[in-house]
Enquirer: 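First the structure, then my questions, so here it is.
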Number of protein chains: 2
Amino acid sequence: MAQSDTVDRILDAAEVLFAERGFSETSLRMITSKAKVNLAAVNYHFGSKNALIHAVFARFLTPYSATLEESFDELESKSEGRVPTLDRILWALAESAARMPQRNERGISIFMRLLGLAYTQSQGHLRKFLEQEYSEPFGRFMRLLKEATPELSAVDRYWRIQFMLGATAFTMSSSDALIGILETKIGVETSVQEIAARLVPFLAAGMKAPDKMQITPPA
Amino acid sequence: MAQSDTVDRILDAAEVLFAERGFSETSLRMITSKAKVNLAAVNYHFGSKNALIHAVFARFLTPYSATLEESFDELESKSEGRVPTLDRILWALAESAARMPQRNERGISIFMRLLGLAYTQSQGHLRKFLEQEYSEPFGRFMRLLKEATPELSAVDRYWRIQFMLGATAFTMSSSDALIGILETKIGVETSVQEIAARLVPFLAAGMKAPDKMQITPPA
DNA sequence: AACCGTTTCAAACGTATGTTTGAAACAAAC
DNA sequence: GTTTGTTTCAAACATACGTTTGAAACGGTT
C-alpha cells in the first residue's frame, strides 16, 4: 500500500487528465488534487512533470509492445515463409490493443487518446523518449509493412504510412468525443473495437490505392 | 503603415509561432518580441490572446472558404445534374488551398499545420469560433460527400470522414517535419502539392473500401 | 500652434505554474 | 523503545504567464 499506492494514484489521475486536456494544459496541482496526494509527491516520486509524462506512457506502452511482439511472432510463424498480408498486420496492432489487460473499460480509449496526443502535441522530450524506448517494435512494424506492400516505392510508402498514422492517431485521440457525437446524432452506440474494425479496411484500401494523382486537377 | 503594420506583424509572428509550437506553448511575449512590438499591443489591438488566435485563423480561413465556395460552384455547374465524384470533391479542397494568394512559400504548410492544430489541440473556444464562423462551407462539403458515396450507410460514412480528416489534419500539421525526414532519409524533396496529390487517392480509396471487418480477427 | 483621438511603451499587477525545503509522520529493524 | 530510512505534508520559492495601467509619443485637423 505504501509507495505503490501513491505512485499508482498519481499515474491514474495523470493518465485521465492528460488524455482529457493535454499535457501543457494539465497542471501538477490538478493531478495531485484528483489523486488526493500531496503536491510534492509528483516531484518526490517521479522527479519532474516530464518524467511523470514518460512514466504514464511507459506504464501502458511497455506491456503493449510486449503483446505486440507476440502478435508479430504468431503472425510470422503462421504464414510460414510467405509474407503476412497488410490486413493481418494492421489487425495485429488493433488486436494487441484490445487483448491488453485493461484497468477499466475506458482504458483503451485513454490509451488511444494518449498515443494520439504523443504524436500531435509537439513535446520534444516525449518524442525522444518514445523513439529510444520503443524503436524495436516500431521498426519491426515498418519492416512488415514494407514486405506487405512491395509494389510501392519507398516514397509512396512513406507518405501512405503517414496517412495511416494520421487517420489512426486522430480518430483514436478523439474517439470518445466522436462516439458521443454519433450517439446523439444518429443514436448508434459504438465501441473502440468497432472503430478499429472500420479503420483497418479503410487503411488497407488506402495503402493499396492506385497511383498518385497528376498535379493538375482532373479535367 | 500605422495600425495595420503592428496588427499584421503580430498576426505574422503569431501564425508562425502557433504553427511551430501550438497555442498554449506560445506566449504573448514570444509573439511580441518576434514581431518587434510592445507586449501590450496584442491586448490593445485584439483584446485577448484567444481573440488573437481567432484573428489568425480568420485571416486565412475567410479567403479560403470563399475560394472553396467558388470551387464547389464550378464543380456543380460543370457536372450538370450528375453528382461530382469523390476525387473531384477532395481535389477541389486541395486546389483551393493551393490557389489561395500566399504570403510566402511556407504559407500553405503553415495553413495546414494550423488547421491540424485546430482539430487536435482541445481549445474549446477555437472549435466554437470555427463552427459558428465556417459552418456553411463545411456543411456543403459534407453534403457533397454524402452524394458522392451513396453506397455507404450513415454510420460508415461518418467514421470514414473522420478517418479522412485525421489523415489530412495529421499529415498536413506535420508536413514540414515529414518532408524534412524524407529528405534526409531518402534524399527526395517534396512540396505540399505533391503530398496532396498522394493524399487524395489514398483517401478516395479508403472511402470506397469494401465493408467493415468482422470483429474477430481474420482466421 | 494648440488640440485630440489613436497608438506605443515601460512598468506593474495578480495569478498560476513547476519545483524545493525542512519538518513531521510513518514503518520496519534492531 | 530507540533508531533509521522512507514517505508525506504545508509552506514557500522563483519564474512565467495574460492582462492592466497611466503616461508618453504620434499624426492628422482645425
Side-chain angles (χ1 to χ4, degrees), chain A residues 1-59 114 117-118 121-129, chain B residues 1-59 117 121-129:
Chain A
M1 260 279 204
Q3 139 150 11
S4 72
D5 192 42
T6 298
V7 168
D8 285 344
R9 291 162 61 136
I10 291 175
L11 286 173
D12 288 340
E15 184 177 79
V16 172
L17 288 174
F18 284 152
E20 278 173 0
R21 323 174 25 96
F23 306 112
S24 313
E25 294 80 1
T26 302
S27 71
L28 292 186
R29 284 169 177 81
M30 292 179 198
I31 295 171
T32 53
S33 86
K34 182 181 178 84
K36 287 182 181 140
V37 303
N38 188 273
L39 167 61
V42 169
N43 287 280
Y44 175 75
H45 285 288
F46 297 93
S48 69
K49 183 183 179 180
N50 279 354
L52 169 62
I53 296 178
H54 298 172
V56 166
F57 274 87
R59 186 166 65 149
L114 286 176
L117 285 184
Q121 316 237 133
S122 48
Q123 304 257 3
H125 66 97
L126 219 197
R127 191 166 293 211
K128 246 178 231 168
F129 170 78
Chain B
M1 261 277 202
Q3 140 147 12
S4 71
D5 192 42
T6 299
V7 168
D8 285 343
R9 290 162 63 134
I10 292 175
L11 287 173
D12 288 340
E15 183 176 81
V16 171
L17 287 174
F18 285 152
E20 278 174 358
R21 325 176 23 97
F23 306 112
S24 314
E25 294 80 2
T26 302
S27 71
L28 293 187
R29 284 169 177 81
M30 291 178 198
I31 295 171
T32 52
S33 87
K34 183 183 178 83
K36 288 181 180 141
V37 302
N38 188 273
L39 168 61
V42 169
N43 286 280
Y44 175 75
H45 286 287
F46 297 93
S48 70
K49 185 183 179 180
N50 279 354
L52 169 63
I53 297 178
H54 297 173
V56 166
F57 275 87
R59 185 166 68 147
L117 285 183
Q121 315 237 130
S122 49
Q123 304 258 359
H125 67 96
L126 220 196
R127 190 166 293 210
K128 246 178 231 167
F129 170 78

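Sequence lines set the chain letters: A, B, ... in the order given, protein chains first and strands last, and positions in each chain run from 1.
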Enquirer: Minimum heavy-atom separation for B/Leu117 to B/Phe18, with atom names?
Expert: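 Closest approach of B/Leu117 to B/Phe18: CD1-O, 3.2 Å.
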Enquirer: Separation of B/Arg21 atom CZ from D/dC17 atom C1', in whole Å?
Expert: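 That distance rounds to 13 Å.
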Enquirer: Grab the CD-C1' distance between B/Glu25 and C/dT17 for me, whole Å please.
Expert: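 Atom CD in B/Glu25 sits about 14 Å away from atom C1' in C/dT17.
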Enquirer: Any pair with a residue in residues 47-58 of chain B that passes side chain to side chain donor-acceptor pair (under 3.5 Å), sequence neighbours left out, goes on the list, sorted by first then second residue, please.
Expert: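 Only B/Asn50-B/His125, B/His54-B/His125 qualify under side chain to side chain donor-acceptor pair (under 3.5 Å).
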Enquirer: Can you name the side chain to side chain contact (heavy atoms under 4.5 Å, CB included) partners of B/Ser33, sequence neighbours left out?
Expert: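 B/Ser33: no side chain to side chain contact (heavy atoms under 4.5 Å, CB included) contacts found.
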Enquirer: For B/Ala40, give me all partners under side chain to side chain contact (heavy atoms under 4.5 Å, CB included), at least two apart in sequence or on another chain.
Expert: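 Checked B/Ala40 against side chain to side chain contact (heavy atoms under 4.5 Å, CB included); matches are B/Asn38.
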Enquirer: A/Ile10 has an atom CD1; how far is it from atom C1' of C/dG18, in whole Å?
Expert: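 Computing the A/Ile10:CD1 to C/dG18:C1' distance gives 14 Å.
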Enquirer: Roughly how many Å is it from CZ in A/Phe46 to C1' in C/dT19, rounded to a whole number?
Expert: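 Computing the A/Phe46:CZ to C/dT19:C1' distance gives 16 Å.
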Enquirer: In whole angstrom, what separates A/Lys36's NZ from D/dT8's P?
Expert: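 In whole Å, D/dT8 P and A/Lys36 NZ are 16 Å from each other.
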Enquirer: Output yes when at least one side-chain N/O atom of B/Thr6 is less than 4.0 Å from OP1 or OP2 of C/dT7, else no.
Expert: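 Indeed not, no polar side-chain atom of B/Thr6 lies that close.
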Enquirer: If the condition is side chain to side chain contact (heavy atoms under 4.5 Å, CB included), which residues does A/Ala41 pass it with, not counting sequence neighbours?
Expert: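 Scan of A/Ala41 (side chain to side chain contact (heavy atoms under 4.5 Å, CB included), adjacent residues dropped) gives A/Thr6, A/Ile10, A/Val37, A/His45.
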Enquirer: Establish, with yes or no, whether the OP1 or OP2 oxygen of D/dT6 is under 4.0 angstrom from a side-chain nitrogen or oxygen of A/His45.
Expert: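 No, no such contact exists.
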Enquirer: What does nucleotides 18-24 of chain D look like as a protein-contact string, B for base, S for sugar-phosphate only, - for none, at under 4.0 angstrom between heavy atoms?
Expert: BBBB---
Enquirer: Applying side chain to side chain contact (heavy atoms under 4.5 Å, CB included), name anything that partners A/Lys34, two or more places apart in sequence or on another chain.
Expert: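 With neighbours one apart ignored, the set is A/Ala13, A/Val16, A/Leu17.
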